[in-house]
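Convention: sequence-line order gives letters A, B, ...; per-chain numbering from 1. This is a predicted model, so every value here is computed, not measured.
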There are 2 protein chains.
Amino acid sequence: MQKSERLNQELIFLSDKKRFNLRDLMDNFQISKRTALRDIASLEELGLALYAEAGRAGGYSLIQEDLLTKIYFNSDEVAAIFFALKAMEQLKETPFNESFQMISQKLLKNLAASRQQQVLASQAAVSFFNTPAVHHNPYLRLLMESILHDSLVRANFKGQQVLLQPCQLFFRDGNWLFAAYDLLGQAFWNYRCDQLQNCTEQAAVPNKLSLAELKQKQLEFEHDNSGQEFRILLNHRGQEHFLKNRYPNMQLEHEGEITYLTGSYTPRTFEYLIDYLLTFGLNAKIITPEELRRSFKERLAAILDQYN
Amino acid sequence: MQKSERLNQELIFLSDKKRFNLRDLMDNFQISKRTALRDIASLEELGLALYAEAGRAGGYSLIQEDLLTKIYFNSDEVAAIFFALKAMEQLKETPFNESFQMISQKLLKNLAASRQQQVLASQAAVSFFNTPAVHHNPYLRLLMESILHDSLVRANFKGQQVLLQPCQLFFRDGNWLFAAYDLLGQAFWNYRCDQLQNCTEQAAVPNKLSLAELKQKQLEFEHDNSGQEFRILLNHRGQEHFLKNRYPNMQLEHEGEITYLTGSYTPRTFEYLIDYLLTFGLNAKIITPEELRRSFKERLAAILDQYN
DNA sequence: GAAAAGGTGACAATTAACGGCACCTTTTAA
DNA sequence: TTAAAAGGTGCCGTTAATTGTCACCTTTTC
């Protein structure tokens, strides 16, 4: 077997192993120790990340379990990937901060020179003036891993000690948020990631919720009608505005030609709601409740008051 | 270069071409005709589908014009790609509408079963409540290609016939926009993609701008101070709001502890500016000009008036 | 029918690949 | 403390793959 083919076979051979040593290669491929070592060097040059340990209990381990197969992308798909990666780079802060540039580089290296030009050209042609996260979010990765491991995080949130069981991470309006149940405060809530401090992952505790219970809490939270219901009249542009700047726990309700925005608020979300309604300008009119109408009018008056 | 590496390079080199001949390989890789033929045989053995034509106008053609890439991604990078692809799917409408799902599928198929689980889990954990484009944008692809080909598009824009030379496509506030110079109206502007009708690509015309001229026009447009300058006082939350909802052609100016938002507007952008300022709520106060102050106050009064 | 493209076979020259060996470093178990 | 077991390096002769050249073939097109 020639070297190039053997290397491919070795990749497959190794892909399902976490650990191996020279003997494995020597026996499986009928090669000398010297060649096995040379092959390992070649594989590393191909990008395989290996960690070697010397000593009696030594051996090799795959640092990353890698994606090893060939993938066929047509030119449209290549363009699409680069488009996506560029969009992600604009976002600046994601759980995968460092990865996007590396991916772009690896992919770009594997393109023909002329196609590289195409990619760079289309990167220049399209751009995202999107909402980059303003605050620093050092815990995005930790939070995501906590969700995946179904573990807990202990942190300070607005000065309060919380023990959170997070279940979803999401991006909205330039902020990273996560939905979590607080085992200390016994409440489900959406937390802003940038308002966490001293965040650490923590092993499970006895009173941790099961996944089903957690989803149940989230459902209760999202369909919480214990708050005050509201009803807001939208014109056509108002509907459009809502669709472009959608908030959870609000729905459009159509009654013939007329459209209402409905939902409910709690004291905790009251201020947010007023800020949000301001962005509708003339395209929304609060119908009920009176409390919301009054506060909204007061807010408008306060803004006007700045100029008197 | 060794054969095995050369074959990989040749794959990359050929992936871009629909047709090629032996000369191309010989020249590009500095090999003899005999070796080029042997390489082609090797590539076919690797699975590349080629069709050969003898005779004076002969050559080779790729039967499947796919890009053959073999890339090693670590688990972080795989997760990052899926993250990016999911974000793009949320966006619903991009120049690459159909591609993202296909890419996800192809990649997913190439992962070990255990890793597929991980990917699906992290897809469930993270999500983008982002601003999907509301309007249908059938011309995104055409516009992007027009930019890349440096060609023109003829279309109807708000009932007006325009002949546009577009130079950049971008996404902002749930809308796809593109920057273009109108050869009929002789003006540079940002156009909303969803407001185009009967859009067709068109070959160049004599009075088309050079790329440099186009960039110049864009620069003039962006730094257009012919409009009315404004000056708006921002508190801390106002600054944050600006950074999260940034508009082009506006800057923050710091004077000691005090921060102003400055820029300029034209009659065409006046209404947009007022809508935008509304979103600042109490966190912004217009200093100058008086015209803007008055109109803003009138807008507030009009909203208040809905309730009387 | 000549030119230009792809294609084959043979052979000598080159060079990459290989195994073997001596010897080094690190770790660990006796 | 020492020996064994693991990875690691340098050197060298042998072997086998790779390459270029050359002569000659087939097909297509001008």
Side-chain angles (χ1 to χ4, degrees), chain A residues 1-66 68 70 112 114, chain B residues 1-66 68 70 72 74:
Chain A
M1 203 189 311
Q2 286 103 304
K3 179 169 188 176
S4 54
E5 195 195 335
R6 192 180 59 236
L7 288 180
N8 275 316
Q9 295 293 321
E10 284 172 344
L11 276 179
I12 296 169
F13 174 73
L14 297 181
S15 66
D16 70 333
K17 306 214 177 346
K18 274 198 305 231
R19 271 187 81 82
F20 65 96
N21 54 29
L22 289 179
R23 213 14 348 107
D24 297 330
L25 284 185
M26 291 166 67
D27 292 350
N28 263 282
F29 294 94
Q30 298 291 319
I31 53 177
S32 67
K33 179 185 166 191
R34 194 68 190 79
T35 301
L37 277 160
R38 280 194 273 248
D39 281 358
I40 283 174
S42 300
L43 290 174
E44 284 184 316
E45 214 158 277
L46 284 177
L48 200 66
L50 291 176
Y51 176 65
E53 283 168 296
R56 191 166 187 152
Y60 295 88
S61 30
L62 268 71
I63 293 177
Q64 317 118 334
E65 188 187 325
D66 279 17
L68 296 171
K70 253 183 208 169
S114 61
Chain B
M1 201 190 311
Q2 288 102 305
K3 180 170 187 176
S4 53
E5 194 195 336
R6 192 179 60 235
L7 289 180
N8 274 317
Q9 294 294 320
E10 283 172 345
L11 275 180
I12 295 169
F13 174 72
L14 296 181
S15 70
D16 193 21
K17 312 211 173 349
K18 276 199 300 241
R19 273 187 78 82
F20 66 96
N21 53 31
L22 289 178
R23 202 46 318 119
D24 296 331
L25 285 184
M26 292 166 65
D27 293 349
N28 263 283
F29 294 94
Q30 300 289 319
I31 54 179
S32 67
K33 180 183 165 190
R34 193 68 188 81
T35 301
L37 276 159
R38 281 193 273 247
D39 281 358
I40 284 173
S42 300
L43 291 174
E44 284 183 316
E45 215 157 277
L46 285 178
L48 199 66
L50 290 176
Y51 175 66
E53 284 169 296
R56 190 164 189 156
Y60 295 86
S61 26
L62 267 72
I63 294 175
Q64 61 188 30
E65 50 175 307
D66 280 3
L68 205 58
K70 182 174 192 175
Y72 302 91
N74 64 33

What contact category does B:Leu22 fall into here, base, sugar-phosphate, or nothing, at under 4.0 angstrom with non-hydrogen atoms? sugar-phosphate

Using heavy atoms to find the nearest nucleotide of DNA chain D for A:Arg56 and A:Gln2 separately, return the residue whose nucleotide is more 5′. A:Arg56

Under the side chain to side chain contact (heavy atoms under 4.5 Å, CB included) test against B:Glu10, which residue among B:Ile31, B:Asn28, B:Asp24 passes? B:Ile31

Using whole Å, report how far CZ of A:Arg38 lies from P of C:dG20. 11 Å

Roughly how many Å is it from CD1 in A:Ile31 to P in C:dG19, rounded to a whole number? 7 Å

Would you indicate whether A:Arg19, at its atom CZ, is surrounded by more than 12 heavy atoms from other residues, nucleotides or ligands within a distance under 6.0 Å? yes

OP1 or OP2 of C:dG20 less than 4.0 angstrom from a side-chain nitrogen or oxygen of A:Ser32, does that happen here? no

Want to settle it: does A:Arg23 or B:Ala36 sit nearer the 5' end of DNA chain D, counting the closest nucleotide to each? A:Arg23

Tell whether B:Arg34 reaches the base of C:dG9 with its side chain through a donor-acceptor pair below 3.5 angstrom. yes

Is B:Glu5 touching bases, backbone alone, or none of the nucleic acid, heavy atoms closer than 4.0 Å? nothing

Under 30°, 30 to 60°, or over 60°: which ring-plane class applies to B:Phe29 and B:Phe13, parallel, tilted or perpendicular? perpendicular

Atom-to-atom span, NZ of B:Lys3 to C1' of C:dA17 - whole angstrom: 15 Å

